[in-house]
Number of protein chains: 2
Amino acid sequence: MSENQFFQSAISVNCVVFGFDGKELKLLLIERELEPYKGDWSLPGGLVYPREDLQAAASKVLHSITGMDSIYRAQLKAFAATDRHPFGRVITVAYLCLLRHVEADLTESTFAKTTQWFNVNRRPDLVFDHEKIVSAAVTRLRENIRSRPIAFELLNEKFTLPELQLLYEKVLGKSLDKRNFRRKISYMDFLQDTQEVQKQKMYRPAKLYRFNTELYQEAKQEGYVFSL
Amino acid sequence: MSENQFFQSAISVNCVVFGFDGKELKLLLIERELEPYKGDWSLPGGLVYPREDLQAAASKVLHSITGMDSIYRAQLKAFAATDRHPFGRVITVAYLCLLRHVEADLTESTFAKTTQWFNVNRRPDLVFDHEKIVSAAVTRLRENIRSRPIAFELLNEKFTLPELQLLYEKVLGKSLDKRNFRRKISYMDFLQDTQEVQKQKMYRPAKLYRFNTELYQEAKQEGYVFSL
DNA sequence: ACAAAAGTGTTGACATTACACCCATGC
DNA sequence: GCATGGGTGTAATGTCAACACTTTTGT
């Protein structure tokens, strides 16, 4: 076997981390502390050790910049253009990650000079092929948010329907009819009214709802298909 | 930089090649001529050279076993479990490939002892993690065939509606109502009646249709969304 | 009482399902 | 003329889109 010529590539993971601050869809970026492109903005990520699992590597990256564990992540796609990394052949596997914006502690960051949330649509230029990766992630998020209950990963455990609707509007890039939106929600038994209301602002407080994972799983077993 | 510890992995591509013989959904498998697992059944694939593009590598694999070029392929997913390959860390990027069953010339195969079509549901056990890859591909095909005009990649340029419907039934695993299916088809202006009929069998011949890519692209530009 | 956003129903258009018979051909 | 699968329409139901006013709270 002459496999040595093949075993010369590196594997990395990159995390496209979305958040929602109640107003805009956000993207978590880091200012690189290491070469190449030191000082430029990039997706959080890192090289994967030869014996390291990809999911574990992604978790490590996410923990190191947010201090959080068990963050939602789904494999997005592999990016492998031969010229994407100046140091050699580096194939990267991108993950689409969703987290509760407020729970992230960005001061934790170890491998980034700074870590910062940006509006998805007003982000700095990114290094490598990270623009492509972000575009693919935004597209995937847009496709999946309608057919899977992933929006709840971006909201607090208790959330209001106006929050949920605004999140959908920001992701889909269009406004939705309030009454139609809420009618669909009302059919979803796994979205439960908590009998609580949002802390007062200067107008009518909104009811707080909760996504009940167990009830959703049951419904799914029985053939229910999420759709919004 | 101590990047050498990272640049020790290999990249491979694997192709999940679907076909349709007019009766069943088929999967193209090879009997391995090389170690590891020589003699066992596996997905066609191969290691990628450090300077080789993934798409090109997939095309090379596909050409070498079918003699065909420009076969439909879409990246499915990366599979990267640390223990998936006995020779070391090999990350594989799987492609979902669709081709016209009759056009493949399996005698072309260069790197396989034999190349053979199997019913998707009656396939031999596969090596590595190829079972997982096939499962993911079947799921993806099932999801995508309803929202993208990819079924036509599996049919002859001219095809009949009973053929198309049977293909959908085999992929989705359920029978469809003929009249409802054909009504939806009739709205699709990019599916054109060729004014020809299928070569006679011993009963009424079916009309031949053609998928007009240009018309489909135009409709898509104008906001049309494929759905079946 | 005012400002601000939360919450609530109905109607018409369209899409989906269910369902049964005649048609064209080769033998 | 018979066997075989190809081809066709309608009615009932369900889903989706459009649309405006009342309610609740803090100040």
Side-chain angles (χ1 to χ4, degrees), chain A residues 20-24 145-147 151 155-156 158-170 172-189 191-210 219 222-228, chain B residues 20-24 145-147 151 155-156 158-170 172-189 191-210 219 222-228:
Chain A
F20 183 61
D21 65 358
K23 289 178 182 157
E24 294 292 338
I145 202 170
R146 307 193 66 165
S147 57
L155 298 170
N156 294 327
K158 296 174 187 175
F159 56 88
T160 68
L161 297 190
E163 282 168 358
L164 182 65
Q165 184 178 341
L166 186 60
L167 172 53
Y168 268 86
E169 291 177 336
K170 291 298 175 182
L172 298 177
K174 64 178 182 188
S175 61
L176 301 173
D177 182 276
K178 184 164 48 161
R179 281 177 286 191
N180 295 335
F181 184 82
R182 295 167 89 104
R183 180 180 15 262
K184 287 191 202 167
I185 296 289
S186 72
Y187 298 147
M188 300 181 181
D189 296 337
L191 286 181
Q192 299 178 305
D193 187 337
T194 62
Q195 312 292 0
E196 296 172 68
V197 295
Q198 199 175 37
K199 298 242 183 304
Q200 270 65 343
K201 303 202 172 164
M202 73 176 77
Y203 44 85
R204 178 172 179 177
K207 290 185 193 168
L208 287 164
Y209 289 79
R210 176 190 284 117
E222 290 164 18
Y224 169 80
V225 184
F226 184 90
S227 167
L228 246 178
Chain B
F20 182 60
D21 65 359
K23 289 178 183 156
E24 294 292 338
I145 201 170
R146 306 194 66 165
S147 58
L155 298 170
N156 294 327
K158 296 174 186 174
F159 56 88
T160 69
L161 296 189
E163 282 169 356
L164 182 64
Q165 184 179 341
L166 186 60
L167 172 53
Y168 268 85
E169 290 178 337
K170 291 298 175 181
L172 298 176
K174 65 178 183 188
S175 61
L176 302 172
D177 183 276
K178 185 164 48 161
R179 280 176 288 191
N180 296 336
F181 184 82
R182 295 168 88 105
R183 186 186 2 268
K184 287 192 200 165
I185 296 289
S186 72
Y187 298 146
M188 300 181 181
D189 295 336
L191 287 181
Q192 299 177 304
D193 186 338
T194 62
Q195 312 291 359
E196 296 172 68
V197 294
Q198 198 175 37
K199 299 243 181 299
Q200 271 64 345
K201 302 199 174 169
M202 75 176 75
Y203 45 85
R204 179 172 177 177
K207 288 185 194 170
L208 288 164
Y209 288 78
R210 175 190 285 119
E222 291 164 16
Y224 170 80
V225 183
F226 184 90
S227 167
L228 246 177

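The sequence lines fix the lettering, A, B, ..., with proteins before strands; numbering per chain opens at 1.
- Panel note: side chain A:Glu222, backbone A:Ala219; no donor-acceptor pair is recorded below 3.5 Å.
- Partners of A:Lys199 by side chain to side chain contact (heavy atoms under 4.5 Å, CB included), not counting sequence neighbours: none found.
- Under the salt bridge (Lys or Arg N to Asp or Glu O under 4.0 Å) criterion, B:Arg204 pairs with no residue, sequence neighbours left out.
- Qualifying salt bridge (Lys or Arg N to Asp or Glu O under 4.0 Å) partners for A:Glu24, counting only residues two or more places apart in sequence or in other chains: A:Lys170.
- Nearest-nucleotide positions on DNA chain C place B:Ser227 closer to the 5' end than the other of B:Met202 and B:Ser227.
- Applying the side chain to side chain donor-acceptor pair (under 3.5 Å) rule to A:Arg183 yields the partners A:Asn180; only residues at least two apart in sequence or on another chain are considered.
- Partners of A:Tyr203 by ring-ring contact (aromatic ring centres under 6.0 Å, His included), not counting sequence neighbours: none found.
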Going 5' to 3' along nucleotides 7-15 of chain C, which nucleotides have protein heavy atoms under 4.0 Å from the base (write B), which only from the sugar-phosphate (write S), and which from neither (write -)? BBBB-----
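- Under the salt bridge (Lys or Arg N to Asp or Glu O under 4.0 Å) criterion, B:Glu196 pairs with B:Lys158, sequence neighbours left out.
- Here B:Asp177 pairs with nothing under the salt bridge (Lys or Arg N to Asp or Glu O under 4.0 Å) rule; sequence neighbours left out.
- When each of A:Tyr203 and A:Lys184 is assigned the nucleotide of DNA chain D with its nearest heavy atom, A:Lys184 is the one assigned upstream, toward the 5' end.
- With rounding to whole Å, A:Glu163 atom CD is found 13 Å from C:dA5 atom C1'.
- Taking 4.0 Å as the cutoff to heavy atoms of chain A, we find the contact window on DNA chain D bounded by D:dA17 to D:dG26.
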